[in-house]
Amino acid sequence: AVVLVDARSTGAFKKGHIEGAICFSAGKELRHPPGDAKAMTFKSAAELAAAVGSKIGIDGTERVVIYDGGSLWSTLLFAALERIGLENVAILDGGLEGWEEAGYHLAKGEGPKVAPKTIKVKADDAVMASNAMVASTKDRGDTILLDVRNIAQHAGLIKSNSAKTTGKIEGSVNLSARALWSVEGFLKDPAASSWLLESQGITKD
């Protein structure tokens, strides 16, 4: 079975979504909220599995396809599903805009009701890096810290939406995540993506 998941906010979902999709607000559900002692970091694998199992209604046996509206929330949810051990997961290339451009219609209002399921967690903590781990390894020579914000944010000219101040983590290199997508919203081919990554010293080794 294929389960289609919309990773945007509930409000955006109600205004228009792919018919049959389940709304799962990745920005709200996956991370600790601002003001929390663990603010903006991922919840534990057990907490993620509980949220995904109850609100998407999957147990890990399904094929999961995620999309958003160009906000990159789908990539955050993809990482969360990888962390709890789900392997049969994909992101819809082109997202919601690509779907519309292809001539498919959108539905409005609420999505389908789901029956909660339990996911057997196979936690993969290697998917995530902690502040302490990055601080101790970023200057070692065998680690590259990649800032995927836009160049103005990396240069300290403007502030990221959720940040308190401008600036970057010392020693990081910059390649905006947007550079990996075409203007139409589709992921660039592997050769183009590899060239961009290699330009910042990120190679397959």
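Every pair passing ring-ring contact (aromatic ring centres under 6.0 Å, His included) that includes a residue from residues 69-101 is listed here, sequence neighbours excluded: W99-Y104. Applying the salt bridge (Lys or Arg N to Asp or Glu O under 4.0 Å) rule to pairs touching residues 124-151 yields R83-D125, R140-D142, D147-R149, sequence neighbours excluded. Counting only residues at least two apart or in different chains, salt bridge (Lys or Arg N to Asp or Glu O under 4.0 Å) contacts with residues 37-61 comprise E29-K55. The ring-ring contact (aromatic ring centres under 6.0 Å, His included) analysis of residues 12-44, with sequence neighbours excluded, yields the pairs F13-H17.
Side-chain atoms of E82 do not come within 3.5 Å of backbone N or O of A80 as any donor-acceptor pair. Checking side-chain atoms of Y67 against main-chain N and O of G94 turns up no donor-acceptor pair under 3.5 Å.
Atoms CD and CG, from E101 and L96 in turn, are 11.0 Å apart once rounded to the nearest 0.5 Å. To the nearest 0.5 angstrom, T61 atom OG1 is 9.5 Å from N88 atom CG.
Comment: E198 does not engage K204 in a salt bridge, judged by the lack of any side-chain N to carboxylate O separation of less than 4.0 angstrom.
Side-chain atoms of V64 and L81, non-hydrogen and from C-beta on, do get closer than 4.5 Å to each other. Side-chain atoms of V114 and I56, non-hydrogen and from C-beta on, never get closer than 4.5 Å to each other. The closest side-chain heavy-atom distance from L106 to E100 is below 4.5 Å. Looking at K14 and K108, their side chains never come closer than 4.5 Å, going by heavy atoms from C-beta outward. Residues I119 and I84 have side chains in contact (heavy-atom distance under 4.5 Å, counting atoms from C-beta outward). Annotation: side chain of T166 is not in contact with side chain of I158 (no heavy-atom distance under 4.5 Å). Here the side chains of L92 and I66 are not in contact, with every heavy-atom distance at 4.5 Å or above.
Hydrophobic clustering keeps I18 apart from V89 (ILVMFWY residues linked when any side-chain heavy atoms are closer than 4.5 Å, directly or through intermediates). Hydrophobic clustering, with ILVMFWY side chains joined whenever heavy atoms are under 4.5 angstrom apart, keeps L157 apart from I169.
Within a 6.0 Å sphere centred on NZ of K159, heavy atoms belonging to other residues, nucleotides or ligands number more than 12. Residue-environment remark: NZ (K188) exceeds the threshold of 12 foreign heavy atoms within 6.0 Å.
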For this session: For the pair L30 and L48, evaluate side-chain contact (heavy atoms from CB on, under 4.5 Å) and give the outcome as yes or no after the intermediate values.
Result: CA-CA 6 Å; L30 301 180; L48 292 173; 3.7 Å; yes
Exercise. Would D6 and I22 satisfy side-chain contact (heavy atoms from CB on, under 4.5 Å), going step by step from the backbone distance to the final call?
Worked result: CA-CA 6 Å; D6 187 316; I22 296 165; over 6 Å; no
Problem set entry | side-chain contact (heavy atoms from CB on, under 4.5 Å) between L77 and I91, intermediate numbers included | CA-CA 10 Å; L77 180 53; I91 293 175; over 6 Å; no
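H154 and S172 get closest at one heavy-atom pair: CE1-OG, 3.4 Å. The minimum heavy-atom distance linking P112 with G20 is given by the pair CG-O, 3.8 Å. A90 and R63 get closest at one heavy-atom pair: CB-NH2, 3.5 Å. Nearest approach of A123 to A45, heavy atoms of both residues: CB-CB, 3.8 Å.
Summarising the hydrophobic clusters (Ile, Leu, Val, Met, Phe, Trp, Tyr; side-chain heavy atoms under 4.5 Å, direct or chained), the residues clustered with L175 are L72, I144, L146, V148, V173, L180, W181, L187, W195, L196, L197, I202.
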Just list the side-chain donor-acceptor pairs under 3.5 Å for residues 127-135, sequence neighbours left out, or say none.
unit_1	atom_1	unit_2	atom_2	d
S130	OG	M133	N	3.1

